**Student:** 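Before I ask anything, here is the structure I am working with.
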Amino acid sequence: MTMTATLSDTAPANVSPILSVREVGKKFGGFTALDGVTVDFAPGRLTSIIGPNGAGKSTFFNVLSGAFPPSTGNVLFEGRDITGLPQHAFARMGIAKSFQITNLFPHLSVLENVRVAAQATRTGLDLWRPRARLTELVDRAEALLVLVGLAHRRHQPAENLAHGEQRCLEIAVALACEPRLLLLDEPTAGMSPEEARQMMDLIVRLNAERSVILVEHRMKLVMGISDRILVLHQGRLLADGTPGDIKADPEVRRVYLGQSV
Amino acid sequence: MTDHAHTVPATAMQNHERIGAFIDWATRWRVLLAILFLAVFPWFAPYTALAVNILIFGLFAMGFNLIYGYAGMLSFGHAAVFGLGAYGCGIPIAKFGVPWFLALPLGVAVAGIAAAIIGWLATRTRGIYFAMVTLALSQVVYYIVFQSVPLTGGEDGLRGVSVPEIRIGPMQVNLLDPMTKYYAILVVVAAALWIFSRILNSPFGAVIEALRENEMRATACGYDVTRMRWLVFVLSGMFSGLAGALYAIHLSIVPIETLHYFTSANVLMMTLLGGMGTFFGPFLGAFCYLLLQDVISVVTTHWQLVVGALFVFLILFFPRGIWGSIIHWLRP
Ligand SMILES: Nc1ncnc2c1ncn2[C@@H]1O[C@H](COP(=O)(O)OP(=O)(O)OP(=O)(O)O)[C@@H](O)[C@H]1O
Ligand SMILES: [Mg+2]
């Protein structure tokens, strides 16, 4: 059986989707991690993907962000088929991602982490000009550090930052390629409740200028901020709707048995 | 580190800053400082031919350091690019009477093309597999050159790479005089140092660091990592090839040993000894390594044993190498 989610009333049908997922499936050996998922993501929205452990969230995220291609089906970004394109092409097209496990350039300074990320899509191959003179990139990196609240740490090596700060730097690095679609895999992983709340505030601010797809297994965190929530369960789309719809859905209650919804 | 500022006396703090400023200053002028050192150095070397060797192997180690120290890829086949640089420069001179100023870039080009082919195959692999693929391909090169006796001289090496003097306009430079030869080669090495430093400071230099730090993150940022790795390999091969080309002119012959995997091991040791990923380390490493070899081999034929023991000591207690350790201690 294939569950199909159309644009719900949270997304007007007249805007063309920024990302379309068509009948996407993923098999690992004989195990089906994703099974025929079809979803359209409207531009400008903050969509959260939730589901219990092993539901296939990270697998879905990896297909969307280009870490690996799906076994079946297609992914379209702004109408263009991007299925199977190499990972580096995604950032160049305008899709950025943050990793579930912090993934930075540990010995480079905080500023250089963001600067080198910004350079990837803005400067061609350049073996000659001094990089310090490319002030536009430095300015851009500084602005992003201000945005995520790390400007005061700019000269520290990334490895010296606290865990929560590293998660914020991870976001700044992802933003450096000026994505129109930002994909975040559990950005609050390992954070204290206070840090997680600040991170959610930041995500809402980021959403003002770009589409965001957020993977999270803690349902409570995303309820207040999401425009739309997708629930994955055993590789299939179990529910799709506004936070209110999801809260009321008996199937979702059954899957999240024992947790307060 | 502001917490520390209150506990450390003000004078110590000032010293700290002074050292930091000094390191910044030295980094800014690193090319000139390195050239200055190399310019006075032969006057302190035991004999000039050794100084020339140190200069050339320092350049080789610098090229190797780009791929190993800066990009974090352990190539075990750099003898191939060094040797092909030597043959690529030596064969045109010995067999076709090509002038030195054409033969030198030819050597670099041959090394660059070889690096492009070897790198195209090798940069798809990582870690120990990368080391093995580069080693295997360098052995293929060794075998081909060994067999092509009419062109390369095979086992006996290539003879007759004689460049007794060079003329630049009205100026005649007599390369038979060791000191003159040293300074002629230093001119080329100085240019290479300058270009090398520019590359390190360029946006591409930042990409090289990013590759070493985290390939997965670099890919996610939009870098085509395989292509970038290949490009660093080619650049590294060209610097190493230039060293090989100079070596051919320096010796007037090209021994087949330039292509031997011992040569790959030697350049690795020099780089580790001096300090991987440091600008001046490779020259210091070449200096220490060749000087030790020279001094100890006079005393005992088992010099490799002594060098080996010293090497283990250094790796265990000074893994940053000599120059790397000095910088690490000084840096505030
Ligand atoms: N590379 C892989 N090889 C084999 N099986 C895999 C692989 N990756 C994921 N799986 C399996 O696919 C299923 C979905 O995994 P996935 O990581 O997508 O879940 P998730 O929803 O992200 O869970 P979590 O909340 O724990 O992060 C799991 O049963 C997992 O064991
Ligand atoms: Mg997951």
Side-chain angles (χ1 to χ4, degrees), chain A residues 62 65-67 86-99 101-109 112-134 137 141 152 155-160 169-170 173-179 183 185, chain B residues 1-4 20 24 27-28 30-31 66 69-72 112 124 194-232 234-236 238-239 276-278 320 324 327-328 331-332:
Chain A
N62 285 331
S65 65
Q87 170 80 86
H88 63 85
F90 278 66
R92 295 181 168 270
M93 256 172 344
I95 305 177
K97 70 164 171 184
S98 78
F99 291 81
I101 297 161
T102 304
N103 214 336
L104 297 163
F105 305 114
H107 299 109
L108 303 188
S109 73
E112 182 64 6
N113 263 270
V114 186
R115 203 204 59 79
V116 78
Q119 181 192 306
T121 44
R122 288 192 152 209
T123 317
L125 203 54
D126 185 345
L127 284 73
W128 202 243
R129 281 182 301 166
R131 64 177 107 138
R133 289 217 200 119
L134 304 177
L137 286 179
H152 62 294
H155 295 306
Q156 289 287 317
E159 63 178 354
N160 284 9
L169 180 56
E170 178 93 27
V173 169
L175 288 172
C177 73
E178 298 181 80
L183 304 172
D185 194 1
Chain B
M1 294 283 102
T2 43
D3 311 333
H4 272 292
D24 287 345
T27 306
R28 186 163 315 128
R30 62 186 176 186
V31 175
L66 188 65
Y70 287 98
R124 275 139 225 282
W194 178 62
I195 294 169
F196 194 82
S197 180
R198 289 246 12 175
I199 293 174
L200 290 183
N201 278 335
S202 75
F204 186 68
V207 180
I208 295 174
E209 284 171 18
L211 288 181
R212 179 195 61 209
E213 287 286 302
N214 190 341
E215 277 186 26
M216 198 202 269
R217 182 76 253 183
T219 312
C221 287
Y223 289 111
D224 183 346
V225 163
T226 307
R227 195 168 138 248
M228 295 296 147
R229 282 162 57 94
W230 176 78
L231 196 58
V232 188
V234 173
L235 284 173
S236 164
M238 287 169 76
F239 281 103
M276 56 186 278
T278 63
R320 295 171 208 273
I327 289 181
H328 184 71
R331 178 149 285 157

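Each chain gets a letter, A, B and so on, in the order the sequences are listed, and its residues count up from 1. As the structure is a prediction and not an experimental result, all values here were calculated from the model.
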**Student:** Are any of the side-chain heavy atoms of B/Val225 and B/Leu211 separated by less than 4.5 Å?
**Tutor:**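 Sidechains of B/Leu211 and B/Val225: in contact.
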**Student:** With a 4.5 Å cut-off on heavy-atom pairs, point out which of A/Ala117, A/Ala132, A/Ala176 contacts chain B the most.
**Tutor:** A/Ala117
**Student:** Would you say that B/Leu231 contacts B/Arg227 through its side chain, given a criterion of any heavy-atom pair below 4.5 Å between the two side chains?
**Tutor:**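 Of all side-chain heavy-atom pairs linking B/Arg227 with B/Leu231, none is under 4.5 Å.
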**Student:** Highest number of heavy-atom pairs under 4.5 Å with chain B: which of A/Ala118, A/Pro130, A/Cys177?
**Tutor:**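 Heavy-atom pair counts peak at A/Pro130.
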**Student:** Do you know which of A/Thr123, A/Thr121, A/Leu104 has the most heavy-atom pairs under 4.5 Å to chain B?
**Tutor:** A/Leu104
**Student:** Look at atom CZ of B/Arg320 and say whether more than 12 heavy atoms of other residues, nucleotides or ligands are closer to it than 6.0 Å.
**Tutor:**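 Result for CZ/B/Arg320: open.
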**Student:** Please name the residue in the list B/Glu213, B/Glu209, B/Arg212 that meets the side-chain hydrogen bond (donor to acceptor under 3.5 Å, both in side chains) test with A/His107.
**Tutor:**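 When B/Glu213, B/Glu209, B/Arg212 are each tested with A/His107, the side-chain hydrogen bond (donor to acceptor under 3.5 Å, both in side chains) holds only for B/Glu213.
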**Student:** Is the shortest heavy-atom distance from the side chain of A/Val173 to the side chain of A/Val116 under 4.5 Å?
**Tutor:**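 Side chain of A/Val173 against side chain of A/Val116, heavy atoms only: no contact under 4.5 Å found.
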**Student:** With only heavy atoms counted, which part of A/Ala96 is less than 4.5 Å from chain B, the side chain, the backbone, both or neither?
**Tutor:**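 For A/Ala96, neither part sits under 4.5 Å from chain B.
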**Student:** Is chain B contacted by the side chain of A/Glu112, its backbone, both, or neither, given a heavy-atom distance below 4.5 Å?
**Tutor:** side chain
**Student:** Below 4.5 Å, heavy-atom pairs only: which of B/Pro203, B/Ala210, B/Ala206 has the largest tally toward chain A?
**Tutor:**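 Heavy-atom pairs under 4.5 Å are most numerous for B/Pro203.
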**Student:** Hey, does B/Val232 have a side-chain heavy atom less than 4.5 Å from the side chain of B/Phe204?
**Tutor:** yes
**Student:** What distance do B/Arg30 atom CZ and B/Trp194 atom CH2 have between them, rounded to the nearest 0.5 Å?
**Tutor:**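 Here the rounded value is 13.5 Å.
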**Student:** Heavy-atom cut-off 4.5 Å, strictly under: side chain, backbone, both or neither for A/Leu134 against chain B?
**Tutor:** side chain
**Student:** Can you say whether A/Phe90 sits under 4.5 Å from chain B via the side chain, the backbone, both, or neither, judging by heavy atoms?
**Tutor:** neither
**Student:** Is A/Pro86 close to chain B through its backbone or its side chain, or both, or neither, when contacts mean heavy atoms under 4.5 Å?
**Tutor:** neither
**Student:** Contact part of A/Leu127 toward chain B, heavy-atom cut-off under 4.5 Å: side chain, backbone, both or neither?
**Tutor:** both
**Student:** If we define contacts as heavy-atom pairs under 4.5 Å, which of A/Ala120, A/Pro179, A/Ala91 has the most with chain B?
**Tutor:** A/Ala120
**Student:** Quick one: what part of B/Ile195 sits under 4.5 Å from any heavy atom of chain A, side chain, backbone, both or neither?
**Tutor:** both
**Student:** Is chain B contacted by the side chain of A/Leu137, its backbone, both, or neither, given a heavy-atom distance below 4.5 Å?
**Tutor:**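 Answer is neither: A/Leu137 stays 4.5 Å or more from chain B.
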**Student:** Do A/Asn113 side-chain atoms and A/Leu108 backbone N/O form a donor-acceptor pair below 3.5 Å?
**Tutor:**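 The answer is yes, because a donor-acceptor pair under 3.5 Å joins these two groups.
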**Student:** Pick one of side chain, backbone, both or neither for A/Arg133, based on which atoms fall under 4.5 Å of a heavy atom in chain B.
**Tutor:**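 Neither the backbone nor the side chain of A/Arg133 comes within 4.5 Å of chain B.
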**Student:** To the nearest 0.5 Å, what is the distance between NZ (A/Lys97) and SG (B/Cys221)?
**Tutor:** 11.0 Å
